[in-house]
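To start, the structure under review is shown below, and the notes come after it.
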Amino acid sequence: MRPLLIFGASRGVGLELARLECAAGRYVVAPVRRQSDVTALADTGAIVEHCDALSPTDVAGVMSRISGDFEIVSTLGGQARDGRRADDEGNINVIDAAVATGRVRRLLLVTSIGCGEMAPFRSARAIAAFGAAVDAKTRAEERLRATTLDWTILRPGGLVSEPATGRGLLLQGADVHGFIHRADVAQLASRALRDPDTIGHAYAAVDAQRIIPHQYP
Ligand SMILES: NC(=O)c1ccc[n+]([C@@H]2O[C@H](COP(=O)([O-])OP(=O)(O)OC[C@H]3O[C@@H](n4cnc5c(N)ncnc54)[C@H](OP(=O)(O)O)[C@@H]3O)[C@@H](O)[C@H]2O)c1
């Protein structure tokens, strides 16, 4: 297994993925902001590095310190005080730096239900609540799709912080809605990294028992 660089591993899906991959014996590097709480992350065995994903220099620096070929997962999300977003800018920095190394083939990006071709199926409430974040994530998806990397995009539904259920599903319908536990998204990501059939595809990630049928107006 190649080393795995996980952006966004301080919490949530990224942290759960660091747990899984370290337990599977993989060398995991976790770039996190200087102010991040890394208590849980340090317990996984991942190598913690300081990196602000909004800084192209920081991102390139982290990658330059890994020797040989490596893989990347990004679960980056959120907005800085100055309005810049990790959802687009941070992820785009990661994608561009990965391409520039020439040592990354596999990159898995975690975005959100509602991105890309799913946009027309968003509710007015979803657009008001997180439309800007989802649009930003779509810009990152577009940057990734334009590369020649072996990419996979996972778009989780509403995230729940509960133990894994094993019921996570990857679906391709543009109108899929639902919820999923963060630990299940991590399991799906871990599996997708090892499944070449997922290369070049974007999937909604939902709990098989928490799929919500789309309400047509
Ligand atoms: N909440 C939902 O229901 C929902 C639904 C669908 C999709 N999503 C998306 O799914 C992904 C995983 O969500 P989650 O809730 O598990 O994680 P999350 O809590 O949104 O975590 C985001 C991660 O990004 C990191 N980050 C943000 N800005 C950064 C920067 N400038 N430099 C470095 N790291 C930065 C955060 O680090 P810090 O600890 O430093 O803040 C954190 O580790 C996210 O992209 C989220 O937007 C969320």
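Counting begins at 1 with the first residue of the sequence. When a ligand or atom number is given, it counts from 1 through the structure's own listing order. Source: prediction; values computed, not measured.
Assignment of Cys51 to the shell around ligand 1 is supported, since a heavy atom sits closer than 4.0 Å. In this structure, Pro156 is part of the shell of residues with a heavy atom less than 4.0 angstrom from ligand 1. No heavy atom of Arg155 sits closer than 4.0 Å to any atom of ligand 1.
For ligand 1 and Gly157, the ligand atoms under 4.0 Å from any heavy atom of the residue are 5 (C), 6 (C). The distance from ligand 1 to the heavy atoms of Leu54 drops below 4.0 Å at these ligand atoms: 31 (N). Atoms of ligand 1 found under 4.0 Å from any heavy atom of Thr75 (numbered from 1 in listed order, with element): 11 (C), 12 (C), 22 (C), 44 (C), 45 (O). Less than 4.0 angstrom separates some heavy atom of Asp52 from each of these atoms of ligand 1: 30 (C), 31 (N), 32 (N). Heavy-atom proximity to Ala53, at under 4.0 Å, picks out these atoms of ligand 1: 30 (C), 31 (N), 32 (N), 33 (C). Set against the non-hydrogen atoms of Gly8, the atoms of ligand 1 under 4.0 Å away are 23 (C), 24 (O), 43 (O). In summary, the atoms of ligand 1 found under 4.0 Å from a heavy atom of Ser112, numbered by their order in the structure, are 6 (C), 7 (C). Atoms of ligand 1 lying under 4.0 Å from at least one heavy atom of Thr111, given by number and element, are 7 (C), 8 (N), 9 (C), 10 (O).
At the shortest separation from atom 36 (C) of ligand 1 among protein heavy atoms lies Arg11 NH2, 3.6 Å. Protein heavy atom nearest atom 48 (C) of ligand 1, with residue, atom name and distance: Leu159 CD1, 3.3 Å. In this structure, atom 1 (N) of ligand 1 lies nearest to the protein heavy atom Arg182 NH2, 3.8 Å. Ranking protein heavy atoms by distance to atom 25 (C) of ligand 1, first place goes to Leu76 CD2, 3.8 Å. The protein heavy-atom contact nearest to atom 40 (O) of ligand 1 is Ser36 OG, 2.5 Å. In this structure, the protein non-hydrogen atom closest to atom 47 (O) of ligand 1 is Lys137 NZ, 2.8 Å.
A distance of 9.5 Å separates CD1 in Ile211 from CD in Gln209, rounded to the nearest 0.5 Å. A distance of 7.0 Å separates OG1 of Thr165 from CD1 of Ile180, quoted to the nearest 0.5 Å. Arg11 CZ to Glu16 CD: the interatomic distance, rounded to the nearest 0.5 Å, is 13.0 Å. Atom CG of Leu193 is separated from atom CZ of Arg191 by 12.0 Å, given to the nearest 0.5 angstrom. Residue Asp87 holds its CG atom at 4.0 Å from NZ of Lys137, rounded to the nearest 0.5 Å. A distance of 7.5 Å separates SG of Cys115 from CZ of Arg122, quoted to the nearest 0.5 Å.
Considering every non-hydrogen atom in both Val176 and Met118, the closest pair reads O-CE, 3.5 Å. Of all heavy-atom pairs between Thr138 and Gly116, the closest is OG1-N, 3.0 Å.
Proximity annotation for atom 22 (C) of ligand 1: of Gly158, Gly77, Ala80, Gly77 comes nearest, heavy atoms only. The residue among Glu16, Arg33, Arg34 with a heavy atom at the shortest distance from atom 29 (C) of ligand 1 is Arg33. Comparing heavy-atom distances from atom 39 (O) of ligand 1 across Ser10, Ala30, Cys115, Gly90 singles out Ser10 as nearest.
Apart from Leu144 itself, the hydrophobic cluster it occupies contains Leu5, Phe7, Tyr27, Val29, Ile47, Val59, Val62, Met63, Ile66, Phe70, Ile72, Leu76, Val94, Ile95, Val99, Val104, Leu107, Leu109, Leu149, Trp151, Ile153, where clustering links Ile, Leu, Val, Met, Phe, Trp and Tyr at side-chain heavy-atom distances under 4.5 Å.
Both Val13 and Val28 belong to a single network of hydrophobic side chains, linked directly or stepwise wherever heavy atoms of I, L, V, M, F, W or Y lie under 4.5 Å apart.
Residue contacts with ligand 1 for Gln35 are absent, since no atom lies close enough (heavy atoms, distance under 4.0 Å).
At a 3.5 angstrom cut-off on N or O pairs, Val13 counts as close to ligand 1. Looking at Val32 next to ligand 1, no N or O pair under 3.5 Å apart turns up. Residue-to-ligand polar distances keep Asp87 apart from ligand 1: every N/O pair is separated by 3.5 Å or more.
Checked for salt-bridge contact, Arg33 and Asp58 miss the test: no charged N lies under 4.0 Å from a carboxylate O. Salt-bridge annotation for Glu71 and Arg106: absent, with no side-chain N of the basic residue lying under 4.0 Å from a carboxylate O of the acidic one. Using a cut-off of 4.0 Å between Lys/Arg side-chain N and Asp/Glu carboxylate O, Arg143 and Asp96 are scored as salt-bridged.
No hydrogens or angles considered: a donor-acceptor pair under 3.5 Å links the side chains of Arg194 and Ser190.
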